[in-house]
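Since the model is a prediction, treat every value here as computed from it, not as a measurement.
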Amino acid sequence: MSYLHDAYVWVNDPDNWRGDHGVPSLLLEHLRITAVSVVAAGVVALPIGVLLGHVRRGGPATVALTNLTRAVPVLAVLTILATTPVGFGDRASEFALALFAAPLLLANAYVGMRGVDPELVEASRGMGMSEGQLLLRVELPIALPLLAAGIRTAVVQVIATATIAALVGGGGLGVLINEGLSTQRYGETVAGGFLVALLAVVAELALAGVQRWVTPKGLAGAR
């Protein structure tokens, strides 16, 4: 209980909310690291997942690659990257977190596209749709709930995992956890963990709302 009390005192200290080391500044760093990582992963993984799902090939390879990359600890990748020319700091964290997020996006994109009814696809082709029209007007709208779910899962998990950025000199709310542990100010550590958890919950709720908003009403039952 004393650690919770210390965390309460730490959070309510105005000095901890000011300057480059204050909570707002660290929160913005955390969000920036998350955004860069997820966008970088999405630029690579989403087109590949959509394409493989569209041509209905590469399923076993996608599953194997996804399982392989998810089995590699993010901390191990982060440590290795920090010893390469990538160096310490946020860049190594963003690389490692992008590798962590990519399998989530790839798998959901592939499954979403692969789940489109083949008879509907053939009927669309029979009506004279080109492959591009089929992709944009039929397959992507139907796959949208799973695509959005993959992005939502990736964002929330990257927010939770981005705390390790502080271990290699990066920023974000993980700095509070790391600093509290190294100085034995465990109230700061608990406060940092609470802020990360709160941020993940807020992101989950916000992205769930976005997912409902972008999903066509006729596909609401597919969420």
Side-chain angles (χ1 to χ4, degrees), residues 1-45 68-105 151-207:
M1 289 297 292
S2 61
Y3 292 152
L4 292 177
H5 178 266
D6 292 345
Y8 177 80
V9 172
W10 190 93
V11 168
N12 285 280
D13 185 347
D15 289 340
N16 294 325
W17 293 78
R18 301 191 185 107
D20 295 338
H21 197 66
V23 171
S25 178
L26 295 176
L27 173 62
L28 289 177
E29 279 188 327
H30 204 96
L31 290 174
R32 181 184 57 75
I33 292 171
T34 299
V36 170
S37 304
V38 175
V39 169
V43 167
V44 176
L68 176 64
T69 52
R70 293 182 69 177
V72 179
V74 180
L75 183 57
V77 176
L78 179 60
T79 304
I80 293 171
L81 285 173
T83 60
T84 68
V86 174
F88 289 81
D90 289 344
R91 187 181 300 176
S93 307
E94 290 160 358
F95 268 106
L97 291 170
L99 291 175
F100 172 69
L104 300 172
L105 299 172
I151 294 172
R152 189 174 84 186
T153 302
V155 169
V156 173
Q157 293 200 10
V158 168
I159 285 176
T161 311
T163 53
I164 63 175
L167 297 176
V168 292
L173 294 171
V175 170
L176 302 176
I177 298 173
N178 194 42
E179 187 177 78
L181 289 173
S182 61
T183 60
Q184 297 186 342
R185 295 197 300 256
Y186 298 120
E188 182 178 354
T189 298
V190 174
F194 172 77
L195 291 171
V196 173
L198 180 62
L199 179 60
V201 171
V202 171
E204 167 70 18
L205 294 176
L207 292 174

Does any part of the side chain of [Y], heavy atoms only, come nearer than 4.5 Å to the side chain of [X], both counted from C-beta?
X	Y	answer
Leu199	Leu27	yes
Val155	Ile159	yes
Leu97	Thr34	no
Leu28	Arg32	no
Ile151	Leu105	yes
Arg18	Asp15	yes
Val201	Glu204	no

Which heavy atom of [X] sits nearest a heavy atom of [Y], and at what distance?
X	Y	answer
Ala191	Val11	CB-CG2, 3.7 Å
Ala102	Ala45	O-CB, 3.5 Å
Ile33	Ala165	CD1-CB, 4.2 Å
Leu104	Ala154	CD1-CA, 3.8 Å
Asp6	Gly187	CB-CA, 3.6 Å
Ala41	Ala98	CB-O, 3.4 Å

Please round to the nearest 0.5 Å and tell me the distance separating atom [atom1] of [X] and atom [atom2] of [Y].
X	Y	atom1	atom2	value
Ile164	Ile177	CD1	CD1	11.5 Å
Leu176	Phe194	CG	CZ	13.0 Å
Glu188	Leu181	CD	CG	9.5 Å
His30	Thr163	NE2	OG1	6.5 Å
Ser2	Tyr186	OG	OH	11.5 Å
Asn178	Leu173	CG	CG	12.5 Å

Examine distances only and state if a side-chain atom of [X] and a backbone atom of [Y] form a donor-acceptor pair shorter than 3.5 Å.
X	Y	answer
Ser182	Glu179	yes
Trp17	Asn12	no
Ser25	His21	no

Name all residues meeting the salt bridge (charged side-chain N to carboxylate O under 4.0 Å, His left out) criterion together with Asp20; count only those two or more places apart in sequence or in a different chain, and write none if there are none.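 Asp20: no salt bridge (charged side-chain N to carboxylate O under 4.0 Å, His left out) contacts found.
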Would the number of heavy atoms belonging to other residues, nucleotides or ligands and lying under 6.0 Å from CZ of Arg185 be above 12? yes
